[in-house]
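A quick write-up on the structure given underneath.
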Amino acid sequence: GAVVSQHPSWVICKSGTSVKIECRSLDFQATTMFWYRQFPKQSLMLMATSNEGSKATYEQGVEKDKFLINHASLTLSTLTVTSAHPEDSSFYICSVPGTGELFFGEGSRLTVL
Amino acid sequence: GDSVTQMEGPVTLSEEAFLTINCTYTATGYPSLFWYVQYPGEGLQLLLKATKADDKGSNKGFEATYRKETTSFHLEKGSVQVSDSAVYFCALSHGSSNTGKLIFGQGTTLQVKP
């Protein structure tokens, strides 16, 4: 069964609104989770590392005020896309480190109109 | 910086055909190399990995050999099945196997027809 669950799978929102995506670790207690972004026909790019109980670590070029990450418990990390614009439309994927490998969620597709 | 390049898809094959998906990389030092697979509606799953030169990763009939001299990690399978239809991602990492700092290729969609 799934080790990591993301919700929602699909979301459509109006420009200027904020959208929250949840990532739940079902089998592991995760002090760290990772958030990726994928544009059509392009690679997955690591956006940030979510740290339980402390601030997320963002990759170069990722706006931390645009992509708010909260890791409030050992099983849940959330990514909030604030004041979303059409260029934020993308596929967002989270992952959880397990024993010897990463486990990925099924992804959340965001479309901003 | 480090990068991974995969052959563009989609790759369309008939059942029982031989599969090769090319992957080449650019990296400093000696990265670990991975193939991930994403079936429709599911998350990426680790398919196989190799952590040093000349290592061969294998799983579910798929194989890939870490070729440092050609900086390649091509994925092969002798006889594909319809159930192999998925998106395949090549990736590298300088850390441990469960580090999040993976560099991915753009993914190759495989369609296997009966």
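Below, chain A is the first sequence line, B the second, and so on; all start at residue 1. Just so you know, these numbers use all the heavy atoms, side chains as well, and skip hydrogens, waters and symmetry mates.
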*asked:* So for F39(A), is it side chain, backbone, both, or neither that comes closer than 4.5 Å to the heavy atoms of chain B?
replied: neither
*Verify the cluster assignment for V37(B) and L44(A): are they in a single hydrophobic cluster under the rule of side-chain heavy atoms below 4.5 Å apart?*
no
*Is V19(A) linked to L79(A) within one hydrophobic cluster, defined over Ile, Leu, Val, Met, Phe, Trp and Tyr using a side-chain heavy-atom separation of less than 4.5 Å?*
yes
*With respect to chain A, which residue among L44(B), I103(B), V4(B) yields the maximal number of heavy-atom pairs within a distance under 4.5 Å?*
L44(B)
*What part of Y39(B) lies closer than 4.5 angstrom to a heavy atom of chain A: side chain, backbone, both or neither?*
neither
*For L102(A) and Y36(B), which heavy atoms make the closest approach, and how far apart are they?*
CB-OH, 4.0 Å
*Give, as side chain, backbone, both or neither, the part of L46(A) having an atom under 4.5 angstrom from any heavy atom of chain B.*
side chain
*Is it the side chain or the backbone of Q38(B) that comes within 4.5 Å of chain A heavy atoms, both, or neither?*
side chain
_If hydrophobic clusters are built by linking Ile, Leu, Val, Met, Phe, Trp and Tyr wherever their side-chain heavy atoms come under 4.5 Å apart, do M45(A) and F34(B) end up in the same one?_
no
_Q6(A) versus chain B, the contacting section by heavy-atom distance below 4.5 Å_ = neither
*Going hydrophobic residue to hydrophobic residue with side-chain gaps under 4.5 angstrom, can you get from V11(A) over to I93(A)?*
no
*Heavy atoms from other residues, nucleotides or ligands near NZ of K113(B) exceed 12 (cutoff 6.0 Å)*: no
*Gap between atom OH of Y36(A) and atom CG of L102(B) - 0.5 Å precision*: 4.5 Å
*May I ask you to list the residues in residues 104-112 of chain B that approach chain A closer than 4.5 angstrom, counting heavy atoms only, ordered by number?*
F104(B), G105(B), Q106(B)
